[in-house]
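Working notes, beginning with the structure itself.
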Protein chains: 2
Amino acid sequence: MNASRSARERVRAELTREITEIARRQLAVEGAPGLSLRAVAREMGMVSSAIYRYFPSRDDLLTALIIDGYNALGEAVEVADAAGDPGDFTGRWLAVCRAVRGWALAHPHEYALLYGSPVPGYQAPQDTVGPALRDTVVYGKIIEAAHKAGALTPPDGFPAPPPVLAEDFGRLRAVIMPGVPDDVVARGLTAWTGLFGTVSFELFGQFNNTIDEREALFDHVMITLGRLVGLR
Amino acid sequence: MNASRSARERVRAELTREITEIARRQLAVEGAPGLSLRAVAREMGMVSSAIYRYFPSRDDLLTALIIDGYNALGEAVEVADAAGDPGDFTGRWLAVCRAVRGWALAHPHEYALLYGSPVPGYQAPQDTVGPALRDTVVYGKIIEAAHKAGALTPPDGFPAPPPVLAEDFGRLRAVIMPGVPDDVVARGLTAWTGLFGTVSFELFGQFNNTIDEREALFDHVMITLGRLVGLR
DNA sequence: ACTCCATCAAGAGCGGTGCTCTCTTATTTT
DNA sequence: AAAATAAGAGAGCACCGCTCTTGATGGAGT
């Protein structure tokens, strides 16, 4: 009965997988606003109402794609980080940055879904939280390892974060980079937001008519931000 | 004939203004995806097809809102910059940052329209370029003035930008901050993208479940980025 | 003063969307 | 074998952007 039960469930799982796959392909081509349940159904040879047996609403399908996206980006970052010398923290930081940018350029609509404007009515369910942190965890490990190795030599003359942030930083530290002092957490956060700010600027068109040498600029900005954290 | 011609044109201009105003209000409530020509027409007591006499397509209406948005943000930044002591460059930088964040928090959907995911099929027409740079011009003037006043003391130990960026920086310098060396342009760009990266992270939900003290974090990151440029 | 014509509102309509409801068929459970 | 559950099909609702045609209206040139 376990086998028979899983027989039907296997079909269901397979169809669910197929729906998300088609949806992901449509997302890549048309972007999130152009993703249509009816088009997915058409491509599957189903009638549109049948899709609702698998995803109660378009938002639920989007959620699946968002989770997939976070995992894909996270994996790309993990792979890039694992490829280099574990002791070369600056190299690892740069590799992570380039992995984020590379993945974003290769999957612009998915990146926009993850880090662009939120869909107005949409509330991200709890299942997205874990995958959403996957890349950040990699980053945190690098900073943590560099700090523990005494490899961080942050520049002088920068102010310490205000005490009111201690609680937020404590929570962040616990999840991402245990044992790292507030000062480093603050600089790390600055660099991390700078990374995504730069990628978003490029991808969302803010560099149009302005910056041509985008890879060179990106690398330079990332090196600068890494230096700010103490990587050299 | 000039008067009579403008009589009709005045009605047209007034209706156009009214359409954009209603559209802007709907945008503020529903967000860009929820902006509907038919809803605007309904609210105006017109039939939907009549709107097309004024805006050939939904994208053209969006363009008008985008231009309005850039101008509104630009003006907010200009006002904030003009309010303080012109010689207090650090204060002006902080004021500009806070103006951007404040405007974004007050007009989240408009900010998302300007700095969030681009609408897939949409190509920004040339008329948006000028307004889009309005805030950046204010920022450039601050950096330029600070540099000319010898008030920039950037921290040591940061790498110089690669020569390949000289052309991009030259173009940027000409428009935004004449007379400022490449090194400062590079750091300035880093800070500028960091500003919007931080605002976008907050507004687009990346700080959810993570950062509570958002204003304090924002100020600290902006001070850090300003320090990177040489403001202290 | 009177045509003439450009402008504009209105209406119908096309093909698309998300989503719901009902009906029938197929499969699993009892 | 019967009952219960799940899934697909189809029709339909209310919306969307956009197009086309039709009729009214008001300014322009004679």
Side-chain angles (χ1 to χ4, degrees), chain A residues 1-20 22-23 25-27 29-66 109 113 119-123, chain B residues 1-20 22-23 25-27 29-66 109 113 119-123:
Chain A
M1 43 187 67
N2 202 355
S4 61
R5 175 156 208 215
S6 65
R8 189 159 69 183
E9 284 196 345
R10 235 178 315 152
V11 172
R12 186 181 175 82
E14 165 59 21
L15 280 184
T16 305
R17 199 198 53 76
E18 198 175 330
I19 290 172
T20 58
I22 294 176
R25 220 171 47 232
Q26 290 197 358
L27 168 67
V29 176
E30 311 269 4
L35 173 64
S36 144
L37 278 182
R38 293 181 108 112
V40 172
R42 221 163 2 215
E43 193 167 331
M44 290 197 60
M46 287 173 104
V47 87
S48 72
S49 58
I51 297 283
Y52 288 83
R53 300 276 177 201
Y54 299 87
F55 292 92
S57 77
R58 184 177 178 277
D59 276 3
D60 291 276
L61 180 52
L62 269 184
T63 297
L65 295 178
I66 288 173
H109 291 127
L113 192 60
V119 179
Y122 180 80
Q123 185 70 349
Chain B
M1 43 182 73
N2 203 352
S4 60
R5 175 153 210 220
S6 67
R8 191 161 62 185
E9 282 197 346
R10 234 177 316 154
V11 172
R12 187 182 174 83
E14 165 59 22
L15 279 184
T16 305
R17 198 198 54 75
E18 197 176 330
I19 291 173
T20 58
I22 293 177
R25 218 170 50 232
Q26 290 197 359
L27 168 66
V29 176
E30 310 270 3
L35 174 64
S36 141
L37 279 182
R38 292 181 110 113
V40 172
R42 221 172 298 136
E43 193 167 330
M44 290 195 60
M46 286 173 106
V47 86
S48 70
S49 58
I51 297 282
Y52 288 84
R53 300 271 173 199
Y54 299 88
F55 292 93
S57 78
R58 184 178 178 275
D59 276 3
D60 291 276
L61 180 52
L62 269 185
T63 297
L65 294 179
I66 288 173
H109 290 127
L113 192 60
V119 179
Y122 180 80
Q123 184 72 348

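Quick caveat: nothing in here was measured; it's all calculated off a predicted structure.
- Of the inter-residue distances, the one linking B:Arg10 atom CZ with B:Leu15 atom CG reads 13.0 Å to the nearest 0.5 angstrom.
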For residues 45-52 of chain A, please give each side-chain donor-acceptor pair under 3.5 Å, one per line with the distance, not counting sequence neighbours.
none

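- Contacts of residues 55-65 of chain B with DNA chain D (heavy atom under 4.0 Å): B:Ser57, B:Arg58.
- Atom OH in B:Tyr52 sits roughly 9 Å away from atom C1' in D:dT19 (whole-Å rounding).
- A heavy-atom distance below 4.5 Å is not found between the side chains of B:Val40 and B:Glu43.
- A 6.0 Å sphere centred on CD of B:Glu14 holds more than 12 heavy atoms belonging to other residues, nucleotides or ligands.
- Remark: B:Leu27 CG to B:Leu35 CG distance equals 6.5 Å, nearest 0.5 Å.
- Counting to the nearest Å, the P atom of D:dC15 and the CG atom of B:Leu35 are 16 Å from each other.
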How would nucleotides 5-12 of chain D be written as a contact map, 5' to 3', with B for base contact, S for sugar-phosphate-only contact and - for no contact, using protein heavy atoms under 4.0 Å? -SBBBB-B
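- Looking at B:Pro33 and A:Pro33, their side chains never come closer than 4.5 Å, going by heavy atoms from C-beta outward.
- The side chain of B:Leu37 sits closest to D:dC18 out of D:dC16, D:dC18, C:dT17.
- The structure places CD1 of A:Ile19 at 11.0 Å from CG of A:Leu65, a figure rounded to the nearest 0.5 Å.
- Residues A:Tyr54 and A:Asp60 are not in side-chain contact: their nearest non-hydrogen atoms beyond the backbone lie 4.5 Å or more apart.
- Rounded to whole angstrom, the span from the CD atom of B:Gln26 across to the P atom of D:dC15 amounts to 14 Å.
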